[in-house]
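Down below is the structure, laid out as structure tokens.
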Amino acid sequence: MTFLTFPLTTARSITSNKTAPELVEIAIQRKEGKLSASGAFTAETGQHTGRSPNDKFIVADSETEGAIWWDNAARWTPEQFDTLYQDFLAFAADKDLFVQDLFAGADAEYRLPTRIVTEYAWHALFIRHMLRRPEASELNGFQPQFTVVNLPSFRADPANHGSKSETVIACDFTRRLVLIGGTSYAGETKKSVFSFLNYVLPQQNVMPMHCSANVGNCDDSAVFFGLSGTGKTTLSAEPSRTLLGDDEHGWSPNGIFNFEGGCYAKTIRLSEEAEPEIYAASNRFATVLENVVLKDDRTPDFDDGSLTENARSAYPLEAIGNASPTGTAGHPKNIVMLTADAFGVMPPIAKLTPAQAMYHFLSGYTAKVAGTEKGMGNEPKATFSTCFGAPFMPRHPSVYGNLLRELIAKHGVNCWLVNTGWTGGKYGVGSRMPIKATRALLNAALTGSLGDAEMRTDELFGFKVPLALDGVDAKILNPRQTWAEPAEYDEMASKMAAMFVENFEKFASHVDEEVRNAGPNVGTRAAAE
């Protein structure tokens, strides 16, 4: 195992493993942000209010050359990384740096000792919330096996470093070091750790997952896959079940475990009524509110998206009253794949076969609508992010897909596709799926009662859809019946089916015939019921 360390002796000062209250004090003293009325620390990240995927590079060497999915990753040479590394060392020489020694992974057998070096105190506070905090005794002799260095005020030089801009996220997975510069968005650090876990854990027969997870009273754990905006944080924070985590988990021979020790929830239009747990966690001392606008009285204005639609709240798991103290649970009984279908075609819930589950996992479908990113018009846009997290999956999707399929078969897991998007028409015509209906259907799925319900087979997509559930308007279970003009639904459904088929062509040679045939039948139209 090869490590490239980042020596800290050259820095002007090093502040190591400070607690959250101490880091809040330091960040305020350094004028890195300000406190909300409840004591949450608020910070603005300027130009970058989200990740910069075009500025991310992975070093290609003898170890990674045959392991990385290069269709989805930009190459860097070891020499380019070394040049950047030396410039990072020189840049850090007169800086006051902050160090947090943490664990990535709740399962002691698979956890990754991780050192995070930051230029900002609030970044140290953020990552202290996000990863798992060692006991004091575990810090004695702490030996990191992975390091991330984040220097936002560093500016990369494309001519000298080979970067695309002044922003750079350079990943040397072989030497276990990531260098981040030119961006203040805190999520880059979190996702750099996740990307490395996605690289290293499959070699240990552990399935890394971009998902939330919770567990019921009978150790009936559930996993929720989903891209940003599909509801995986909201739906996993269910008061009647214990929360494992909202974003990153592993599935090992021991069961599932949270990679993290906190949550990073989107806050745009957050309300106490709809999401009481997340709302309360976002209004507490030392929570980090990133790009959240404050009113004159310093209370957060969660409806104000003037800084970004991607405003965030970062808080430790203990801020959620029903969070698991261990972050571990048994093998899941249910897997839920979430999509926010803005075309109004998908039913609110469907039961998947194992082959269909792999098909939809590799597809990773959702849809973006106006306001979610710059330059979008009023029409929804289909997004296919394989494994529900393509930017963080260094290996080929088939590696993760085959692992998941084997685990589903071995443990007899029920798989569900849940649409939290639109019903009654596409975005701009229909309305958002009622969250009460989604919660009722999910509860029925997780408790097992939905599995006994009478179901129809969707003629276009082939999955099973329940015909009725007490307390849920039966009409929304058949999307075609919610459209004013069924023929328009048929046309839209056929277009979506074609998008699925076209997207899946790149995976066809990596899966067996059963999975290839698990997608929609583009030769049929959705049938009227």
Side-chain angles (χ1 to χ4, degrees), residues 44-61 64-65 67-85 87-88 91 119 123 148-173 177-199 210 227-229 247 264 266 290-291 307-312 364 366-377 381-397 503 506:
E44 296 182 10
T45 62
Q47 175 187 356
H48 296 283
T49 58
R51 292 180 302 100
S52 300
N54 292 333
D55 294 307
K56 181 179 178 180
F57 304 89
I58 298 177
V59 172
D61 55 32
T64 60
E65 180 62 45
I68 298 297
W69 179 32
W70 293 112
D71 289 349
N72 191 50
R75 295 170 182 263
W76 246 26
T77 66
E79 292 75 21
Q80 287 173 307
F81 188 91
D82 288 343
T83 298
L84 183 71
Y85 173 75
D87 288 345
F88 258 58
F91 186 82
E119 181 181 355
H123 274 187
V148 179
V149 182
N150 190 331
L151 305 178
S153 62
F154 179 90
R155 296 291 181 265
D157 178 0
N160 186 39
H161 299 120
S163 59
K164 295 180 182 178
S165 72
E166 292 184 336
T167 300
V168 65
I169 302 98
C171 309
D172 190 327
F173 286 160
L177 178 64
V178 172
L179 304 175
I180 302 171
T183 172
S184 296
Y185 179 65
E188 293 287 11
T189 300
K190 164 187 153 74
K191 289 305 185 185
S192 293
V193 178
F194 186 41
S195 295
F196 181 73
L197 290 171
N198 287 333
Y199 172 73
H210 186 215
L227 300 170
S228 178
D247 197 44
Y264 193 33
K266 291 189 75 168
E290 187 179 39
N291 295 315
L307 293 177
T308 177
E309 289 280 311
N310 193 39
R312 297 273 181 165
T366 193
K368 294 179 180 179
V369 298
T372 58
E373 66 178 34
K374 293 180 181 179
M376 284 201 65
K381 179 181 179 182
T383 297
F384 293 93
S385 184
T386 186
C387 307
F388 294 95
F392 324 118
M393 303 295 169
R395 296 181 181 272
H396 192 275
N503 173 73
K506 56 182 173 287

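These numbers come from a predicted model, not from an experiment.
- With N198 contributing its side chain and F392 its backbone, the two residues share a donor-acceptor pair below 3.5 Å.
- Between atom CD1 of residue I68 and atom NE2 of residue H396 there is a gap of 12.5 Å, rounded to the nearest 0.5 Å.
- Using a 4.5 Å heavy-atom cutoff, the side chains of C171 and F196 are not in contact.
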> Do T366 and F388 pass the side chain to side chain contact (heavy atoms under 4.5 Å, CB included) test, and can you show the C-alpha distance, the side-chain angles, and the key distance before you say yes or no?
Replying inline: CA-CA 9 Å; T366 193; F388 294 95; over 6 Å; no
> Do D172 and Y85 pass the side-chain hydrogen bond (donor to acceptor under 3.5 Å, both in side chains) test, and can you show the C-alpha distance, the side-chain angles, and the key distance before you say yes or no?
Replying inline: CA-CA 10 Å; D172 190 327; Y85 173 75; over 6 Å; no
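- Checked by atom type and distance alone, the side chain of E188 never pairs as donor or acceptor with a backbone atom of I169 at under 3.5 Å.
- Using a 4.5 Å heavy-atom threshold, the side chains of Y185 and T308 count as separate.
- Atoms OG1 and CZ, on T183 and R51 in that order, are 11.0 Å from each other to the nearest 0.5 Å.
- Across all their heavy atoms, S163 and W76 have their closest contact at N-CZ2, 4.0 Å.
- The heavy-atom pair separating Y264 from A186 by the smallest distance is OH-C, 4.4 Å.
- Atom-to-atom distance recorded for S184:OG and E290:CD is 9.0 Å, nearest 0.5 angstrom.
- Proximity of N310 to K266: side-chain heavy atoms (C-beta onward) are separated by under 4.5 Å at one or more points.
- Ring orientation note: the planes of F154 and F88 are tilted relative to one another, at an angle of 30° to 60°.
- When side chains are defined from C-beta on, T167 counts as touching H48, because their heavy atoms get closer than 4.5 Å.
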> Given V193 and V148, is the side chain to side chain contact (heavy atoms under 4.5 Å, CB included) satisfied, shown in steps?
Replying inline: CA-CA 8 Å; V193 178; V148 179; 4.2 Å; yes
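- Put simply, the side chain of H161 reaches to within 4.5 Å of the side chain of T83, judged on heavy atoms.
- Once rounded to the nearest 0.5 Å, the distance linking CG of L227 with NZ of K368 reads 9.0 Å.
- Formation of a donor-acceptor pair under 3.5 Å by the R155 side chain with backbone atoms of P152 is found in this model.
- Note: N72 CG to S385 OG = 8.0 Å, rounded to the nearest 0.5 Å.
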Hey, can you pull the donor-acceptor pairs under 3.5 Å for the side chains in residues 53-61, sequence neighbours left out?
residue, atom, partner, partner atom, Å
D55, OD1, S165, OG, 2.9
K56, NZ, S195, OG, 2.9
K56, NZ, P391, O, 3.2
D61, OD1, E63, N, 2.9
D61, OD1, T64, N, 2.8
D61, OD1, T64, OG1, 3.1
D61, OD1, T174, OG1, 3.1
D61, OD2, T174, OG1, 2.7

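- Rounding to the nearest 0.5 Å gives a distance of 5.0 Å between OG of S228 and CZ of R312.
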> Between N150 and T189, is a side-chain hydrogen bond (donor to acceptor under 3.5 Å, both in side chains) present by the stated rule, with each step listed?
Replying inline: CA-CA 7 Å; N150 190 331; T189 300; 2.8 Å; yes
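- Residues D87 and N160 have side chains in contact (heavy-atom distance under 4.5 Å, counting atoms from C-beta outward).
- Here the closest heavy-atom approach between residue G46 and residue N291 is recorded as N-OD1, 4.5 Å.
- Scanning for ring pair (Phe, Tyr, Trp, His ring centres under 6.0 Å) contacts around W70 gives an empty result, with sequence neighbours left out.
- K190 pairs by the salt bridge (Lys or Arg N to Asp or Glu O under 4.0 Å) definition with D247, E248, E260, not counting sequence neighbours.
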